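Remarks on the structure that follows.
No experiment lies behind these values; they were computed from the predicted model shown.
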Amino acid sequence: MKVNKQTRITYNQRAKEIVDQMTLEERVYLMSGNMTMEDLIEEITKGKHYNETPYEAGGNERLGVPAMKFVDGPRGSVAGTGQSTCFPVPMSRGASFDKDLEERIGKAIGKEIRAVGGNLFGGVCINLPRNPGWGRSQETYGEESFHLGVMGSALTKGVQSENVIACVKHYAFNSMENARFKVNVKADKRTEREVYLSHFKDTIDAGAASVMSAYNKYQGQHCGHSDYLLNQVLKDEWDFDGFVISDFVWGVLDSVEAANGGMDIEMHLTQHFGDKLLEAVKSGQVNEDKINDTAVRIVRTLLAFSEADDKKYGMELIGSKDHIALALEAAEKSMTLMKNDNKTLPFSKSETKKIAIIGKLGSTENIGDHGSSNVHPQYVVTPLDGVKNIVPHSEVIFDDGQDLERAKALASSVDAVVFVVGFNHDDEGEYIVNDQDQDVTAIGGTSNSLGGDRKLSLGLHADEIELIKVVGPVNENSAAVLIGGNMIMIEEWKNDVSAILMAFYPGMEGGTAIAKTLFGEVNPGGKLPFVVPTDEKHLPQINWEAEEITYGYYHGYTKLEKEGIEPSLPYGYGLSFTTFEISNAAFEVWGESILARCDVTNTGELEGDEVVQMYVGFSQSQIDRPVKVLRGFERINLLPGETKTVEISCPIEKVKWFNPETNAWELEDIDYDVYVGNSSADKDLIRGNVNLLAKR
């Protein structure tokens, strides 16, 4: 049985009948994590990692209501040790632009969560990085709101197809890590609705049954207490029928404000709900009707998912061969070729007798940050391991790159050089240092990692830049493999290597995927889910320690296009070992959608994947709008010489603008520019136009 919104609604009357039988205490106790700080400290003392077992909340054994059992993500199930499948981080999967793949990953994660006894996945992270320096941006899919909504919806559908509740986070405006507990974000109404909330609505429309609030404030109000965000927008305007949970430990700071503001469950410790909330209800500070509404939301959601169970999930599913193969597929499809002068890649297996892997990250198990998203797999394949495995008869030499003269001598003596450079959990990720009294491990931090935002630079470390500039020119057969969770500046050194491959944090089989790409067993088809500027000053500037910040309407590629600034590499860009031609483009309005059709031909000699992208532009608009925005994409596979016709549709709703004066979405009576191609750059697009109102 598949649980969708309509299915959940059918449980409404039954949930009300169950809630009517509960005492006030029982209804209130549905609303808290079943754990104390003492319990948590005891787990840590015993050496357990964060979320090693599902974290429970609520439940009522007397009336047959199951507890909510939380398992974090988003690169796999955090529960378990040495078991779970570690997928590439979402930013990596975002580069695949593969909706079907993301839904299959959701199914696999859902199965592993069910196998460990969980029933909620807290890993549909769709926050929009205003600046790529945000430390946790590896947990989301990219800079584009439409893309976030599509990929987040796919993950949601996959997870919930296995009767696991998908929890979308962090609602909302969470894109600063170091200041996340204190910053107050401000935005005008258009920016709020068009840029920062639209992808959340997409996942709600896709059926997401749970939402996690953010730590930060919005318009002066803590997000976990925000009547505007939680009650007015999410529950009333968007008709969200599921429940809201707080971010852990510090997501609720006041019992009365949070309960009245729309918070349904305080996670994962009981600090401000429980007895304190009970007293607030008895004293009249929180209306009992509010408690009843919340209790019904929780009960109907948990019943709908638990009673839909029609499968058995054994422990053999966790880290299974099928799931590991899926993690490898995801890593392969995410590999994004940014530069390939003189067809340096792929390296020839037969001619590469001696290869150097240079850079300390080459031999590092590097799957992402060490915060709440940290997965504990059976093993991790490093880039060095991957290369050794794929060319077992070649001599593979590792050098950490710290001694430049030694590295130069090595580079000059081998047939090919691979620099593995970028970041790890110390450079970016969940920030575990804060000024709260409680132990930082409560929300997933470990004592040996720092993380946080990339405050000083969006480029590589100074020693890595020097390494590439000094050693790169020594060997023409050289490639740089970039490891990281978001955009990395390349301008200082891009001319000193022949090829650049963005690998992100590619998961437990990442080293295999990197090596298969370097040696041509995989033809890269990933596309950049962000723009790469020539100067990081072209992006919105952020004070990462700010107590208050205003988010503007433009960021990323829309900002550069609006200001007429040419990027180093455009949004949606990615090379292949083969070539593609897009032709015969046609655009029309069909019912409530814009349709773009085109033929795509593989004009090269190798099988490969292409991501066809559709953009809509507003050159005739009388209001301030972007030059164009992504409004559809399809990933296809083509054999050499093969042609496929691709059709992409965009709901007309997705080209409306939000009018703050009428507080409504409106459609302009203009000709809309429509583009189809393989990146956001004008040279890579075919342009047409449609008039939406004239056709309706």
Side-chain angles (χ1 to χ4, degrees), residues 15 19 24-35 55-59 67-68 70 120 122 124 127 165-174 180-181 184-185 197 200 204 208-302 442-443:
V19 170
L24 176 61
E25 287 82 357
E26 286 176 317
R27 281 173 274 155
V28 168
Y29 293 157
L30 285 175
M31 300 172 60
S32 290
N34 300 342
M35 199 174 204
Y55 288 140
E56 293 191 7
M68 186 269 278
F70 178 100
L120 182 142
V124 184
N127 290 113
I165 298 166
C167 181
V168 180
K169 66 184 186 183
H170 310 80
Y171 181 70
F173 295 91
N174 176 45
R180 62 179 170 162
F181 296 109
N184 175 39
V185 178
L197 293 191
F200 281 98
I204 299 306
S210 180
V211 170
M212 177 186 282
S213 66
Y215 286 126
N216 53 276
K217 300 174 187 175
Y218 178 57
Q219 308 290 28
Q221 183 74 52
H222 287 284
C223 289
H225 302 175
S226 175
D227 175 72
Y228 174 71
L229 287 176
L230 303 183
N231 288 327
Q232 296 179 41
V233 176
L234 180 63
K235 294 180 179 179
D236 295 341
E237 187 178 329
W238 295 352
D239 194 29
F240 172 62
D241 72 304
F243 54 76
V244 178
I245 69 175
S246 75
D247 206 341
F248 284 19
V249 185
W250 305 290
V252 168
L253 301 174
D254 183 274
S255 310
V256 175
E257 275 192 17
N260 287 332
M263 180 57 64
D264 296 317
I265 300 178
E266 179 190 19
M267 285 295 288
H268 61 323
L269 310 176
T270 303
Q271 298 186 113
H272 297 282
F273 280 9
D275 291 343
K276 291 180 181 178
L277 180 55
L278 184 62
E279 288 304 312
V281 177
K282 289 179 177 178
S283 66
Q285 296 178 82
V286 176
N287 192 296
E288 194 167 340
D289 288 343
K290 176 67 73 173
I291 303 300
N292 293 339
D293 175 75
T294 289
V296 169
R297 285 177 176 276
I298 294 169
V299 172
R300 74 180 174 215
T301 304
L302 289 170
I443 50 170

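Residues L302 and I165 meet the side-chain proximity criterion, which asks for heavy atoms closer than 4.5 Å. Side-chain atoms of S210 and T301, non-hydrogen and from C-beta on, never get closer than 4.5 Å to each other. Side-chain contact between L24 and L278 is present, with at least one heavy-atom pair separated by less than 4.5 Å. In this structure, L120 and F243 have side chains that are in contact, with non-hydrogen atoms separated by less than 4.5 Å. Using a 4.5 Å cut-off on side-chain heavy atoms (C-beta onward), I291 and L277 make contact. Annotation: side chain of Q271 is in contact with side chain of V249 (closest heavy-atom distance under 4.5 Å). Between V185 and Q219, the closest side-chain pair of non-hydrogen atoms is not below 4.5 Å.
To the nearest 0.5 angstrom, Y215 atom OH is 3.5 Å from D247 atom CG. With rounding to the nearest 0.5 angstrom, the NE2 atom of H272 is 7.5 Å from the CG atom of D254. Here CE of M267 is found 13.5 Å from CE of M31. Values are rounded to the nearest 0.5 Å. One distance of note links CE of M263 with CD1 of I245; it measures 8.5 Å at 0.5 Å rounding. One distance of note links OG1 of T270 with OH of Y29; it measures 9.5 Å at 0.5 Å rounding. The distance from the NE2 atom of H225 to the OG atom of S213 is 8.0 Å, given to the nearest 0.5 Å.
With sequence neighbours excluded, the residues that form a ring pair (Phe, Tyr, Trp, His ring centres under 6.0 Å) with F200 are Y171. Legend: residues meeting salt bridge (Lys or Arg N to Asp or Glu O under 4.0 Å) with K235, ordered by chain and number and at least two apart, are D264.
Taking each heavy atom of V252 and S246 in turn, the nearest pair found is CG2-CB, 3.7 Å. Here the closest non-hydrogen pair linking G122 and C167 is CA-CB, 3.9 Å. Closest non-hydrogen pair, A57 versus I265, comes out as CB-CG2, 4.0 Å. Closest of all the heavy-atom pairs between A214 and C223 is O-CB, 3.4 Å. Across all non-hydrogen atoms, the minimal contact from A166 to V124 is CB-CG2, 4.1 Å. The minimum heavy-atom distance linking G274 with V28 is given by the pair O-CG1, 3.5 Å.
Evaluation of the salt bridge (charged side-chain N to carboxylate O under 4.0 Å, His left out) test over residues 290-302, restricted to residues two or more places apart or in two chains, returns D293-R297.
No donor-acceptor contact under 3.5 angstrom links the side chains of R180 and N174, judged on distance only.
A donor-acceptor contact shorter than 3.5 Å links the side chain of N216 to the backbone of A172. Not one N or O on the side chain of N260 forms a donor-acceptor pair closer than 3.5 Å with the backbone of V286. Listed for the E56 side chain is no donor-acceptor partner under 3.5 Å among the backbone atoms of A67.
In this structure, H268 and F248 have parallel ring planes: the angle between them is below the 30° cut-off, well short of the 60° mark.
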- Task: Check the pair Q221, Y228 against side chain to side chain contact (heavy atoms under 4.5 Å, CB included), reporting the backbone distance first and the verdict last.
- Result: CA-CA 9 Å; Q221 183 74 52; Y228 174 71; over 6 Å; no

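Considering D239, L229, V211 as possible partners of L234, the one that fulfils the side chain to side chain contact (heavy atoms under 4.5 Å, CB included) test is V211.
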